[in-house]
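First up is the structure itself, then whatever we jot down about it.
Letters A, B, ... mirror the listed sequences (proteins, then strands); counts begin at 1. Remember, predicted model here, so these are calculated numbers, not experimental data. Only this structure's heavy atoms are used, side chains among them; waters, hydrogens and symmetry mates stay out.
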Amino acid sequence: MAQFLFFLLALICVISILGFILSKNQIYNALCLVVAFTAMGGLFSLLDAPFVAVVQIIIYAGAIVVLFLFVIMMIDVRKGIPPEKNRWTLYLSVGISLVLAAEFAFSLSKAICFLKTPATKEIGNPTALGHILFTKYIYPFEITSVLIVTAIVGAIVLAKKREEE
Amino acid sequence: MTEIFWMIPFFPALGSLVLVLLGHKLSKKHVSFIACSTIFISLCISVISFAGLLKIGAENYPLVKKLFTWIPTHGFKADFSLQFDPLSAIMVLIVTVVGFLIHIYSTGYMAEDKSYSRYFAYLNLFTFAMLILVMASNIVLMFVGWEGVGLCSYLLIGFWFEKHSAAQAGKKAFIVNRIGDAAFLIGILFIFFHIGSGEFTAINTAISRGSISTGFATVVGILLFAGATGKSAQIPLYVWLPDAMEGPTPVSAFIHAATMVTAGVYMVARMNFLYSFSGTASHIIAFIGALTAIYAATMALTQNDIKRVLAYSTISQIGYMFIGCGVGAYSAGMFHLYTHAFFKSLLFLAAGSVMHALSGEADMRKMGGLKKYLPITYPAFLIGAIAISGIPFFSGFFSKDAILTKAFTNGQYFVWTIGVLGTILTAFYMFRLIFLTFHGKERITPEAKMLLHESPPVMTVPLVILAFFSVVAGYAGVPAVFGKKLDWFSCFLQPIFSRGREVHVSLGAELALILISSFLAILGLYLAYLSYIKRPQFPHTFATRFPFIYRLLYNKYYVDEAYDALFVRPLVRGSEQIYNKFDLKIIDGAVNETASATGSFGKLICYLQTGFIKDYALVFLLGVALFLGYLLF
Amino acid sequence: MIQPIYFIILSLIIFVLGIIAFFIKRDLITMFMAVEVMLNAANLAFIALTKAIGIIDGQIIVLFVITVAAAEAAVGLAIILLIFRQKKTIRTEDIQVMKG
């Protein structure tokens, strides 16, 4: 069952990202991402991380991508922009990313025995997650909250229409 | 309470900082308040520390406060550490007391100046540097103060830099001092090379343990003294001091009479263990001091500028201090330094008051008969003149006699003879100054007469206080003739100065010496009276009878011209050649070529900056791939 | 139980797809979305490694990544909006003010 779910979700994920790449319409792009990120959430829950899975679906799929949608609507580019015409940049980037992928794969192959068997320890417990978040990671947590406030204020200041304009 | 002594220098520094940064925004009232109050706080702390120093025993000297390690390299270590002992204490008290009075006086004297806050910022900075100089516990930090006062002196001589002569005078003072300072620096490096430390106590220990040779001590002593001849205006580097009178008069009083120019004497007294060890160096100091004392006094005879007379007088008096140090009577030298600080700053401030009254006129030929117009300045000036001439029972009498007696008892008869001859000249030129300025016919220009007025209280009150000190300061060191145990001053300094050979003369001989010099001082006064009051045409007759002597003295022995022809002009011409041939063509050419090459290379690199996000991202991606590859393989 | 290695391979695939998407797309917003895809691939790798090693800290890092991504999206989109108001375009080849 788990294997089936994994392959299903992985397939959805990859196909929707391919759709994202191929579609010219920005709205479709964003919707493809919603699907991909939701499937990603499913993958997270398969990995014993229910809390992160829920956060992924609510914040990523629900909030961030919707933010993108709003901006797309505000900018209102009537017809989509066709993909890159400058071919050599594209080929070069694809080449380099394949090299990168090969490098990753090589490094993975070294650690493969280690990654084959999951740890037996129970890690999915949201209580434990909350505990460690508010003890060991309390300072990063607080700093992140400051970052969020700064980002919100900054975004408003940047995007606000000035009176004189 | 003595432990707080290390804070003394930092209040003027703070004041200077505030005035430099905010001075242009503050009103004159606030500027004067900041400048005077910082010095006053330092003065209070010095008095407290001084009282504390009297209480603790001599075995605890010197008190040292190490603030931080300043140069921590291997083999050359110097701390920023301050010390407090009787010698430093006396200098600190002189600097803060005289400095405070002169700050007060300046608020009146400079009231109309447009660069009011700049003036006080410099003056506070000078006080800071001078306090560092006298409180430094090692010779390297002392050199910092030494250079600091030189810088402030330059800034203040050239304070009215719009005036060409003032700018030139500042430059001259700076360059002449630099010559001496180079020798001083070499001396410091010698000390470090051989002793390995600049701390005065360490040098003292090294000498008393006999780990250095007499020859080395002589070389170092002469090098350090060469620095002192620059700072303290002795032969051959005295030429800057008369020109330094271009600066504001309170500056002349503070820097070029009371404190900075005596730094050389302080340095010799501080290094007394070195000079006691090397007889040759001491003899040279005594000889140069005596020569300068009489040489400067002769030049003072013919000057017509009131401040220049005082400047030559200062050179001559510092000569006396060096006689004292050179014959091993360090406490007598310091005693003269201490009394001189009061009466010479008094004379300068009084001269400033005269110039203030005459709208800036400094030429004595345009004065005369001012006695009745300046009822406070005149008696103050008179007291100063009596004190410096060595008329009995004023401060200069005690200190000058202490030096001359010690010179005589140590068998330096040549130096003694010159010293007492100088006494006649001193009395003569000082009373010539008095008679020409305050007595006789009025020769004031009508415009100046219209504005003639006595100075405001802020200027006359410091005069009165300094006049008071000029009278009583000498009683700190009454000679043995008048009773035993009265020489408090040298007893206080006794722990600092290693006991030299003490030859005591009988009281009778001492009395005879005192009578001789007193008689000569009064003789000088009488001669001045004869030639400027009784027969005012006599100086003119003399000048026409002996034109050669008169012209030689009036032109200051043509030393400035000789220096100009020997050093300045060849240097200027050589520099011009180098400028044209080397600087313009090779150095500037190299710089220009480098600049244009950099520019064209930059233009080449410019093509990489396309401005497209994608290109940058591609490079970024490539970098990641390469870096990961490097990590893996 | 599925081996964590499969998840990591999947995250690698998604990451490379994100890079390619970034270079194919020509408007700022979609390129920005491609960056989000890459971030998600990294998140997946983190979660998979958390599972493989058995330390919960990886999940915390993912939470932080999501938070920072939200902040970044807010500011980034505001900047894009500003660029659009001034230049009336979000095509990358039209934006070249940083050219040296």
Where on [X] is there a heavy atom nearer than 4.5 Å to chain C: the side chain, the backbone, both, or neither?
| X | answer |
| --- | --- |
| A:Ala49 | both |
| A:Ser23 | backbone |
| A:Ala128 | both |
| A:Leu129 | both |
| A:Tyr137 | both |
| A:Ile17 | side chain |
| A:Leu47 | both |

Using a 4.5 Å cut-off on heavy atoms from C-beta on, say whether the side chain of [Y] contacts that of [X].
| X | Y | value |
| --- | --- | --- |
| A:Lys136 | C:Ile60 | no |
| C:Ile56 | A:His131 | no |
| A:Leu90 | C:Ile24 | yes |
| C:Asn43 | A:Tyr60 | yes |
| C:Phe64 | A:Leu133 | yes |

Atom [atom1] of [X] and atom [atom2] of [Y]: how far apart are they, to the nearest 0.5 Å?
| X | Y | atom1 | atom2 | value |
| --- | --- | --- | --- | --- |
| C:Ile29 | A:Met74 | CD1 | CE | 10.0 Å |
| A:Phe44 | C:Asn40 | CZ | CG | 6.0 Å |
| A:Leu9 | C:Leu10 | CG | CG | 9.5 Å |
| C:Met33 | A:Leu69 | CE | CG | 7.0 Å |
| C:Thr30 | A:Gln26 | OG1 | CD | 4.5 Å |
| A:Leu46 | C:Phe7 | CG | CZ | 5.0 Å |

If you tally heavy-atom pairs under 4.5 Å against chain C, which of A:Leu43, A:Ile59, A:Thr150 wins?
A:Leu43

Tell me which of these, A:Phe70, A:Phe37, A:Phe141, A:Phe104, has more heavy-atom pairs under 4.5 Å with chain C than the rest.
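Highest number of heavy-atom pairs under 4.5 Å: A:Phe37.
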
Given the options A:Ile72, A:Leu158, A:Leu67, C:Leu77 meets side-chain contact (heavy atoms from CB on, under 4.5 Å) only with A:Leu67

Per-residue contact mode, [X] against chain A (heavy atom under 4.5 angstrom):
| X | result |
| --- | --- |
| C:Ile47 | both |
| C:Leu12 | side chain |
| C:Leu44 | both |
| C:Val62 | side chain |
| C:Ile19 | side chain |
| C:Leu17 | both |
| C:Phe22 | neither |
| C:Glu36 | both |

Heavy-atom pair of closest approach, residues [X] and [Y]:
| X | Y | answer |
| --- | --- | --- |
| C:Ala78 | A:Ala159 | CB-CB, 4.1 Å |
| A:Ile64 | C:Ala69 | CD1-C, 4.1 Å |
| A:Phe20 | C:Ala21 | CE2-CB, 3.7 Å |
| A:Ile21 | C:Lys25 | O-NZ, 2.9 Å |

Test A:Ile75 against C:Ile80 for side chain to side chain contact (heavy atoms under 4.5 Å, CB included), laying out the working first.
CA-CA 9 Å; A:Ile75 285 179; C:Ile80 291 172; 3.9 Å; yes

If you count heavy-atom pairs within less than 4.5 Å of chain A, which of [options] leads?
| options | value |
| --- | --- |
| C:Val68, C:Val16, C:Ile13, C:Leu49 | C:Val16 |
| C:Ile66, C:Leu82, C:Ile20 | C:Ile66 |
| C:Ile79, C:Ile9, C:Ile55, C:Leu81 | C:Leu81 |

C:Phe46 atom CZ: more than 12 heavy-atom contacts under 6.0 Å:
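No, CZ of C:Phe46 has 12 or fewer neighbouring heavy atoms, counting only those of other groups under 6.0 Å.
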
